[in-house]
Amino acid sequence: MPIRYIFKQLLLPPGGLFLLLLFAWWLRRRAPRLAALCFIAGFGGLWLMSLPVVVQWGARLLEHEPALDASAWPLLNRRAGAIVVLGGGREQNDPAWGGDQPSAIALERLRYAARLAKASGLPILASGGLHFGQPPSEAHLAGQVLKHDHGIETRWLEERSRTTWENAVYSAQLLREAGIERVVLVTSAWHMERSRWCFEQNGIEVIAAPVGFMGAPSSRPLGGWLPEAKAVWQNSLLLNEAVGLLVYPLAYEAPDASLSKLPESPDQGPAEQAGAEQPERP
């Protein structure tokens, strides 16, 4: 997984755009025209990545599920058997907490899941494995946050997954054992379409509960045309998600066939969790 992570960071923006600038410098004497094209593509791509308005445009292409109406929250227990909240990465070795903590994206999802659980009375399944094979899992950290910050005990911890697909595969196993076929799925709005597809492919019906919308109108200065560092990060998440939407239907087969290809659980073999989707995944 570290090799996959390295290639991903080099090929997807902004890493790929920096490579174009590097090629432009290297080719400046050997192939001036090609160097100019590389420079324009690299610099132009970085400029677009830095614009909040591009974040809004991109997010609106991915955020297809509407937010759940608050008036429907208390009735969710009539429509589903559990709430599934997906991990969104973790921050390592935070001295304030004496260890790892969920990322800001993960905390946003957990807060929303906790609010839905309190309104509906539904149990929560937290899904998320390890970072580069090192404990604690994202699901374990989620359970701690839900317990200590929101007063909610997590019913199930799915700690084996490395990807959104594996979130769905391993969560579906736990849910079927409990006789649950429909869930309220909590994840970021821009991540919902791929997540929903994965769970439905694994036989779990989904009531979408997206949170953290990026496509909503904002009051950025100059209409979002002023470059911001945060926009580079947000656009990288959206691009990663767009690639995932294209690749997942090609990379993953029907559930029964895919289960045999997944790594063994930690108590059956080598540690399977090599990294979370930060947002990649987120």
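On a predicted model such as this, the values are computed, not experimentally measured, just so you know. What you see below is based on every heavy atom in this structure, not just the backbone, and it leaves out hydrogens, waters and symmetry mates.
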Considering all heavy atoms of both residues, which atom of [X] and which atom of [Y] are nearest to each other, and what is their separation?
{"X": "Leu86", "Y": "Val84", "value": "CD2-CG1, 4.0 Å"}
{"X": "Gly81", "Y": "Ile180", "value": "O-CD1, 3.5 Å"}
{"X": "Leu157", "Y": "Leu174", "value": "O-CD1, 4.2 Å"}
{"X": "Leu141", "Y": "Pro136", "value": "CD2-CG, 3.7 Å"}
{"X": "Val184", "Y": "Ala209", "value": "CG1-CB, 3.7 Å"}
{"X": "Ala231", "Y": "Ser50", "value": "CB-O, 3.4 Å"}

Should [X] and [Y] be regarded as members of a common hydrophobic cluster, given that ILVMFWY residues are connected when their side-chain heavy atoms come within less than 4.5 Å of each other, either directly or indirectly?
{"X": "Leu125", "Y": "Leu107", "value": "no"}
{"X": "Trp47", "Y": "Val54", "value": "yes"}
{"X": "Phe43", "Y": "Leu46", "value": "yes"}
{"X": "Val145", "Y": "Ile83", "value": "yes"}
{"X": "Ile105", "Y": "Leu238", "value": "yes"}

Fill in: Geometric class of the Tyr248/Tyr252 ring pair [parallel <30°, tilted 30-60°, perpendicular >60°]
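Correct class here is perpendicular.
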
Any side-chain to backbone donor/acceptor pair from [X] onto [Y]? Under 3.5 Å, distance only.
{"X": "Glu228", "Y": "Pro52", "value": "no"}
{"X": "Thr154", "Y": "Ile124", "value": "no"}
{"X": "Glu65", "Y": "Ala208", "value": "no"}
{"X": "Arg220", "Y": "Leu226", "value": "no"}
{"X": "Lys118", "Y": "Ile152", "value": "no"}
{"X": "Ser103", "Y": "Ala106", "value": "yes"}

Fill in: Stepwise side chain to side chain contact (heavy atoms under 4.5 Å, CB included) check, Arg109 with Thr187
CA-CA 6 Å; Arg109 297 176 185 179; Thr187 189; 3.2 Å; yes

Discussion item. Taking the side chain as everything from C-beta on, heavy atoms only, tell me whether Lys8 gets closer than 4.5 Å to Asn240.
Written reply: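 In short, these two side chains touch, coming nearer than 4.5 Å.
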
Discussion item. A side-chain contact here means heavy atoms from C-beta on lying under 4.5 Å apart; do Arg111 and Val211 qualify?
Written reply: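 No, every pair of side-chain atoms sits at 4.5 Å or beyond.
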
Worksheet item: What residues, two or more places apart in sequence or in another chain, satisfy salt bridge (charged side-chain N to carboxylate O under 4.0 Å, His left out) together with Arg182?
Response: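 By the salt bridge (charged side-chain N to carboxylate O under 4.0 Å, His left out) rule, Arg182 matches Glu205.
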
Fill in: Partner residues of Arg79 under the salt bridge (charged side-chain N to carboxylate O under 4.0 Å, His left out) criterion, sequence neighbours left out
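By the salt bridge (charged side-chain N to carboxylate O under 4.0 Å, His left out) rule, Arg79 matches no residue at all.
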
Enclosure of [X] [atom1] (heavy-atom neighbours >12, cutoff 6.0 Å):
{"X": "Phe213", "atom1": "CZ", "result": "yes"}
{"X": "Glu200", "atom1": "CD", "result": "yes"}
{"X": "Lys147", "atom1": "NZ", "result": "no"}

Discussion item. Let's go through Ser171 and Ile204 carefully: what are the C-alpha distance in whole Å and the side-chain angles of both, what is the deciding distance for side chain to side chain contact (heavy atoms under 4.5 Å, CB included) to 0.1 Å, and is it a yes or a no?
Written reply: CA-CA 9 Å; Ser171 295; Ile204 301 297; over 6 Å; no

Once rounded to the nearest 0.5 Å, what's the spacing between atom [atom1] of [X] and atom [atom2] of [Y]?
{"X": "Arg160", "Y": "Ser127", "atom1": "CZ", "atom2": "OG", "result": "11.0 Å"}
{"X": "Trp165", "Y": "Tyr170", "atom1": "CH2", "atom2": "OH", "result": "12.0 Å"}
{"X": "Gln144", "Y": "Asp100", "atom1": "CD", "atom2": "CG", "result": "12.0 Å"}
{"X": "Trp57", "Y": "Asn235", "atom1": "CH2", "atom2": "CG", "result": "11.0 Å"}
{"X": "Leu61", "Y": "Trp190", "atom1": "CG", "atom2": "CH2", "result": "15.0 Å"}
{"X": "Leu37", "Y": "Leu20", "atom1": "CG", "atom2": "CG", "result": "10.5 Å"}

Fill in: Stacked cation flag Arg194 on Trp197, 6.0 angstrom / 45 deg
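Here Arg194 fails the 6.0 Å and 45° test against Trp197.
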
Discussion item. As a quick check of understanding, evaluate side chain to side chain contact (heavy atoms under 4.5 Å, CB included) for Met192 and Glu63, giving each step before the final call.
Written reply: CA-CA 7 Å; Met192 180 58 74; Glu63 296 173 350; over 6 Å; no

